Amino acid sequence: MQEIKNNDLASDLVKDILKEKRSDRLWKNIRFVAWFALIIYIAVHIFNLMHGSIPAEMEGKYTALIRLDGMIAPGRDFSSDNIVPILQEAFSDKAALGVVIDINSPGGTPVQAAIIHDVILYYKNKYHKKVIVVGEDMLTSGAYYVAVAADKIYVNPNTLTGSIGVVMKGFGFVDLMKKLGVERRVYISGTDKDRLDPFLPQTAEDLAKVHEVMSEVHQNFAQAVLNGRKGKLKGDPKQLFTGDFWSGQTALKLGLVDGLGNLTDVMQSEFKTTRYKEYGATSSVFKLLSGQLTNAVDNFVYS
């Protein structure tokens, strides 16, 4: 009987020690994340001060800056879900002289680009803010679609610009299936439900349908450019809307952009200041911190 009690006491003691160690590990991880967050906050604050960004409470002339980078697609940083709230916040800043959108993107889905384009137009008219786009390495396809919502577009002489067109890519595996001796069975309701199935031969009707849809999307893109660059285009539409792209200096000659310059130069020339308040800049930092916190909790739970 005494031996059983001793075993129970030893078991309880071990459990208490393990519980205490786990608690210590949790608080250690929490302290680490807190210090990490503080360091990141200080680093971002110093970076903003060094690069012209200013806190919201500071007075004086400044512009609202938004940076849009990467592929335009759902689930990406450059998507309507992420960008629309940032646009609303930037445009509603009453103290900002205007909105500068710095874009570095090869484009993306036409729907996402169109949504962001339309929202910029909406907020521009609602808040009566001047909007300037500055293109960096790439301002092509869907990125250029977004850009034509601005009052003016500036690029570097070497910025790839334009690509006003639509592309659709895929693969066909019909011959491969035959060589492998594989029979694929598909059951559909609706004669065209399996259209563009990569395991079926492509038909003339398929090509006609793709051409029809892509032509409509292309026309919508071209119309947005014609509206946004009204009276500014100097090239022949037959040349401009082929899907081709140009350097920034050639794009200027074609009227696709309004001038050449970098972000600082453009801010100074358009708004007479290089000071700005950046919107959406800390999102990646918060994501990093969130990941660190998750890892800390996981270490506690599964260690």
Side-chain angles (χ1 to χ4, degrees), residues 68-85 87 103-122 135 137-149 160-230 233 235-246 251 254 256:
L68 306 180
D69 299 308
M71 184 70 69
I72 308 171
R76 299 289 189 97
D77 290 339
F78 199 162
S79 66
S80 60
D81 284 345
N82 287 330
I83 301 305
V84 170
L87 289 170
I103 302 179
N104 186 22
S105 169
T109 72
V111 173
Q112 294 295 305
I115 292 173
I116 297 170
H117 167 276
D118 293 348
V119 169
I120 292 173
L121 289 180
Y122 172 77
D137 296 279
M138 300 187 75
L139 188 67
T140 53
S141 195
Y144 187 74
Y145 194 145
V146 172
V148 297
L160 294 182
T161 311
S163 189
I164 306 169
V166 182
V167 62
M168 182 177 179
K169 300 177 182 179
F171 296 93
F173 301 100
V174 178
D175 292 335
L176 178 62
M177 295 285 284
K178 290 180 180 179
K179 290 180 180 179
L180 294 175
V182 176
E183 179 185 7
R184 183 165 179 265
R185 299 170 181 174
V186 180
Y187 308 97
I188 63 172
S189 176
T191 57
D192 298 322
K193 187 62 179 178
D194 60 346
R195 189 189 295 280
L196 303 184
D197 188 322
F199 296 100
L200 295 177
Q202 190 170 244
T203 67
E205 289 77 13
D206 292 337
L207 291 174
K209 184 64 178 183
V210 170
H211 179 73
E212 175 190 346
V213 173
M214 292 184 67
S215 293
E216 291 176 358
V217 176
H218 189 199
Q219 183 56 44
N220 293 336
F221 189 175
Q223 191 59 53
V225 175
L226 291 172
N227 293 340
R229 304 295 298 168
K230 188 174 183 179
L233 296 176
D236 186 341
K238 293 181 180 179
Q239 175 192 18
L240 297 179
F241 300 149
T242 61
D244 206 353
F245 58 89
W246 299 270
L254 294 173
L256 294 173

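Note that the coordinates shown come from a computational prediction; the quantities given were computed from them, not determined experimentally.
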Determine, step by step, whether Val225 and Tyr144 satisfy the side chain to side chain contact (heavy atoms under 4.5 Å, CB included) criterion, reporting the C-alpha distance in whole Å, the side-chain angles of both residues, the deciding distance to 0.1 Å, and the verdict.
CA-CA 9 Å; Val225 175; Tyr144 187 74; 4.0 Å; yes
State, yes or no, whether a side-chain contact exists between Ile72 and Ser105 at a heavy-atom distance under 4.5 Å.
yes
Kindly assign one of parallel, tilted or perpendicular to the pair His117 and Tyr145, based on the angle between their ring planes and the thresholds 30° and 60°.
perpendicular
Set out, in order, the CA-CA distance, both residues' side-chain angles and the distance that settles side chain to side chain contact (heavy atoms under 4.5 Å, CB included) for Leu233 and Leu256, then state yes or no.
CA-CA 6 Å; Leu233 296 176; Leu256 294 173; 3.9 Å; yes
Taking every non-hydrogen atom, the tightest pair across Leu240 and Gly235
CD1-O, 3.6 Å
Determine whether Leu139 and Leu160 make a side-chain contact, defined as any pair of heavy atoms from C-beta on separated by less than 4.5 Å.
no
One pair to check against side chain to side chain contact (heavy atoms under 4.5 Å, CB included): Asp244 and Ser163. What are the steps and the verdict?
CA-CA 5 Å; Asp244 206 353; Ser163 189; over 6 Å; no
Any donor-acceptor N/O pair, Asn227 side chain to Gln223 backbone, under 3.5 Å
yes
Rounded distance (nearest 0.5 Å) linking atom OG of Ser79 with atom CE of Met71
13.0 Å
Taking all non-hydrogen atoms of both residues, which atom of Ala113 and which atom of Gly142 are closest, and how far apart?
CB-O, 3.6 Å
If you compare all heavy atoms of His211 against all heavy atoms of Ser215, which two are closest, and at what distance to 0.1 Å?
O-OG, 2.7 Å
For Glu216 and Asn220, which I'm curious about, is there any donor-acceptor pair between the side chains at under 3.5 Å?
no
Of all heavy-atom pairs between Arg229 and Val148, which one has the smallest distance, and what is that distance?
CG-CG1, 4.1 Å
Taking side chain to side chain contact (heavy atoms under 4.5 Å, CB included) as the test, write out the residues that go with Asp206, two or more places apart.
Arg195, Leu196, Gln202, Thr203
Would you check if there is a donor-acceptor pair between the side chains of Ser80 and Gln112 at a distance under 3.5 Å?
yes
Taking the side chain as every heavy atom from C-beta outward, state whether Phe241 and Asp236 have any atom pair closer than 4.5 Å.
no
With Asp118 via side chain to side chain donor-acceptor pair (under 3.5 Å) - residues at least two apart
none
Looking only at heavy atoms, the pair that brings Pro106 and Thr140 closest together is O-OG1, 3.1 Å
Start with the C-alpha gap between Lys230 and Leu226, add the side-chain angles, then the distance that decides, and say whether side chain to side chain contact (heavy atoms under 4.5 Å, CB included) holds.
CA-CA 5 Å; Lys230 188 174 183 179; Leu226 291 172; over 6 Å; no
Residue pair Ile83 / Val146, side-chain heavy-atom distance below 4.5 Å
no
Kindly give the heavy-atom pair with the smallest separation between Leu121 and Ala149, and that separation in Å.
CD2-O, 3.6 Å
Out of Thr161, Asn104, Asp69, which residue meets the side-chain contact (heavy atoms from CB on, under 4.5 Å) rule with Met138?
Asn104
For residues Ile164 and Phe245, determine if any side-chain heavy atom of one lies less than 4.5 Å from a side-chain heavy atom of the other.
no
